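So that the names make sense, note that chain A is the first sequence line, chain B the second, and so on, each numbered from 1. Keep in mind that this is a model prediction, so the values were computed, not measured.
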Amino acid sequence: MTEAVEKLTKKNEDPSKWYLQLVRMAKLADYGPVRGTFAIRPYGFEIWERIQRDLDDRFKATGHKNAYFPLLIPESYLKKEAEHVEGFDPELAWVTIGGREELEERLAIRPTSESIICDFYKNWIQSYRDLPLLINQWCNVLRWEKVTRPFLRTSEFLWQEGHTVHATAEEARAETLQMLNVYQDCFHEAMSIPVLTGMKSPSERFAGAVETFTCEALMGDGRALQAATSHDLGQNFAKAFDITFLDENQDRVYPYQTSWGFSTRVIGGLILVHGDDRGLKLPPKLAPTQAVIVPIWRGNNKGEVRREAETLFDELKDAGLRMEADLDEEHSPGWKFNEHELRGVPVRVELGPKDIEKGQAVLVRRDTGEKEFVARKELPARLNELMGEIQENMLRQAAAFRHENTRQAESYGEFKEIIAEKRGFVVAPWDGTEETEQKIKEDTKATIRLLPFERQEGKDLVSGKPGKTAVFARAY
RNA sequence: CGGGACGUGGCGCAGUCUGGUAGCGCACUCGGCUGGGGGCCGAGUGGUCGCCGGUUCAAAUCCGGCCGUCCCGACCA
């Protein structure tokens, strides 16, 4: 329940230190013994479970089923798709010994499951009647990362990976975009995180994909986070893994595939987007505790206040709110206020002798700090209403921040200045060449986060050649 | 992987230069008083100093190797 009384570093003073302290102080995660491994603690995991449920419902609503595939992937499978293995090779962890015997073929711990899943799909798909195949997997993956950070980049992480197979290229593309929208809806509606959607440049494309689409979010420190991706794999994997089917014309043809993923990284996004100097700030839809009752008592009225708090707790719980009553007698109200703000609980309900006398309670919003006095019998309705208001306001606040930190650059000088001094998203035309993309990266550390769906003509700031809109930023 | 800093009870740190057998604050336990923004007093529990090896009568302290963490850079679906 309690944690060391340490002052949380100010968010803009040292964002990195702030982030790491918050992760630990709010009991979201804890370091493991192997580099880049972390335990997700119950409070953090409960947030993940709610995100997971929201997304999973959306997958089911769009016709997908869940399944589970093996953790270990034979080396030969990974090698079948050339670009794929090249992309992942540097980050693989290998199993070379089983029991006490050296294995004939070493086995990779999955960094992603395209290759092993394709091997199954090869047998599962024979006819056009077997398509589309719409499967999702919730699992862990392992990538031997050099620089890790809780949630944002961990060696092992939890995610979902969707793997679908379609008869036509059009269908596969439609699926890719549909899932991109599913992600966007989850970010906006459940997480109150506004995201930009668009296409990756070829250099940022998933290894083996024909086209990669992305959801990009802007963090509070002005850096971008790739929050989810959806890939159109074309026939690349089908050809590599020999997945074929007989179509209506009795021709044996290769199908078209997609894959799409979303990971525990988004918890890091949640912290960075909404968190402030007081700590975490959770959107009501994801908060393990939506409102916490803090009783204010004195020695002589402790019993009465406690009884009132317990009654109120039951009432609000029955009204459908995820409640907590902090009846701990060790800590002062002030201590509890700080603690629950650190944990990001959306609303605090203060109940003291004066409130009981007046038949009211004090509500304090975590997102704005606003205080309101509400009559006891109106509390359930008001609190439920507040949850919606806070959920929406958090999205609005984050969207306003993104708006303020999205800038057009008219010249390369201006571009460099914005990235160096203000960060955020910079919108500028790009000539489509890897050379200019690379130069910008070398000069400014900014990369193309995405190519929007609607792009305007203009002149590339570096080359002066004709180009179209791209969104740049420094990324996590 | 390169440059830098660091690793001492759960957390933050002192002690390391000048070897002599571990200390402070917070947390935790017990008792009492308190309680509308991180309360107070008293009494306690807990570590052999990241790991391995070396030097020495003696190592948290000196030397070597390894592991890990943080920052910067490279890499990163």
Should A:Arg306 and A:Glu329 count as an ion pair when the cut-off is N to O under 4.0 Å? yes
[atom1] atom, [N] versus [M]: distance in rounded Å?
N: B:G7; M: B:A14; atom1: P; result: 8 Å
N: B:G46; M: B:U29; atom1: C1'; result: 11 Å
N: B:A43; M: B:U48; atom1: C1'; result: 25 Å
N: B:G31; M: B:C17; atom1: C1'; result: 45 Å
N: B:G3; M: B:G25; atom1: P; result: 40 Å
N: B:G68; M: B:G50; atom1: C1'; result: 7 Å

Side-chain donor or acceptor of A:Glu341 under 3.5 Å from a matching atom on the base of B:G37? yes
I'd like a list of close polar pairs between nucleotides 75-77 of chain B and the protein, N/O only, cut-off under 3.5 Å.
residue, atom, partner, partner atom, Å
B:C76, O2, A:Arg153, NE, 3.2
B:C76, O2, A:Arg153, NH1, 3.2
B:C76, O2, A:Arg153, NH2, 2.7
B:A77, O3', A:Glu204, O, 3.2
B:A77, O3', A:Arg205, O, 2.8
B:A77, O3', A:Phe206, N, 3.0
B:A77, N9, A:Arg143, NH1, 3.2
B:A77, N7, A:Arg143, NH1, 3.2
B:A77, N6, A:Arg143, NH1, 3.0
B:A77, N1, A:Arg143, NH1, 2.1
B:A77, N1, A:Arg143, NH2, 3.3
B:A77, N3, A:Arg143, NH1, 2.3
B:A77, N3, A:Arg143, NH2, 3.1

Kindly state which residues belonging to residues 347-355 of chain A come within less than 4.0 angstrom of RNA chain B, counting heavy atoms of the residue only, listed by number. A:Arg348, A:Glu350, A:Gly352, A:Pro353, A:Lys354, A:Asp355
Have a look at A:Gly36 and say if it touches a base, only the backbone sugar-phosphate, or nothing, with a 4.0 Å heavy-atom cut-off. sugar-phosphate
Applying a 4.0 Å non-hydrogen cut-off, can you work out what A:Val34 is touching in the nucleic acid: base, sugar-phosphate, or nothing? nothing
Counting N and O atoms only, with roles assigned by atom type, does the side chain of A:Glu161 sit under 3.5 Å from a partner on the main chain of A:Ser113, one being a donor and the other an acceptor? yes
Using only atom types and a distance under 3.5 Å, with no angle test, would you say the side chain of A:Lys371 pairs donor to acceptor with the backbone of A:Val362? no
Residue that, paired with A:Leu28, satisfies side-chain contact (heavy atoms from CB on, under 4.5 Å) out of A:Trp48, A:Phe151, A:Phe45, A:Phe38: A:Phe151
Find the partner of B:C26: check Watson-Crick (N1-N3 plus N6-O4 or O6-N4) and G-U wobble (N1-O2, O6-N3) distances, both under 3.5 Å, and reply none if neither fits. B:G10
Please check if any side-chain donor atom of [X] sits under 3.5 Å from a side-chain acceptor atom of [Y], or the reverse.
X: A:Ser203; Y: A:Arg205; value: no
X: A:His231; Y: A:Thr212; value: yes
X: A:Gln178; Y: A:Glu175; value: yes

Show your working on side-chain contact (heavy atoms from CB on, under 4.5 Å) between A:Gln160 and A:His64 and close with a plain yes or no. CA-CA 12 Å; A:Gln160 65 61 219; A:His64 302 84; over 6 Å; no
The side chain of A:Arg278 is closest to which nucleotide in this list: B:U69, B:G37, B:G39? B:G37
May I ask you to test the A:His340-A:Arg343 pair for a side-chain heavy-atom distance under 4.5 Å? yes
Relative to the 5' end of RNA chain B, which residue comes earlier, A:Pro150 or A:Phe373, by the nucleotide with the nearest heavy atom? A:Phe373
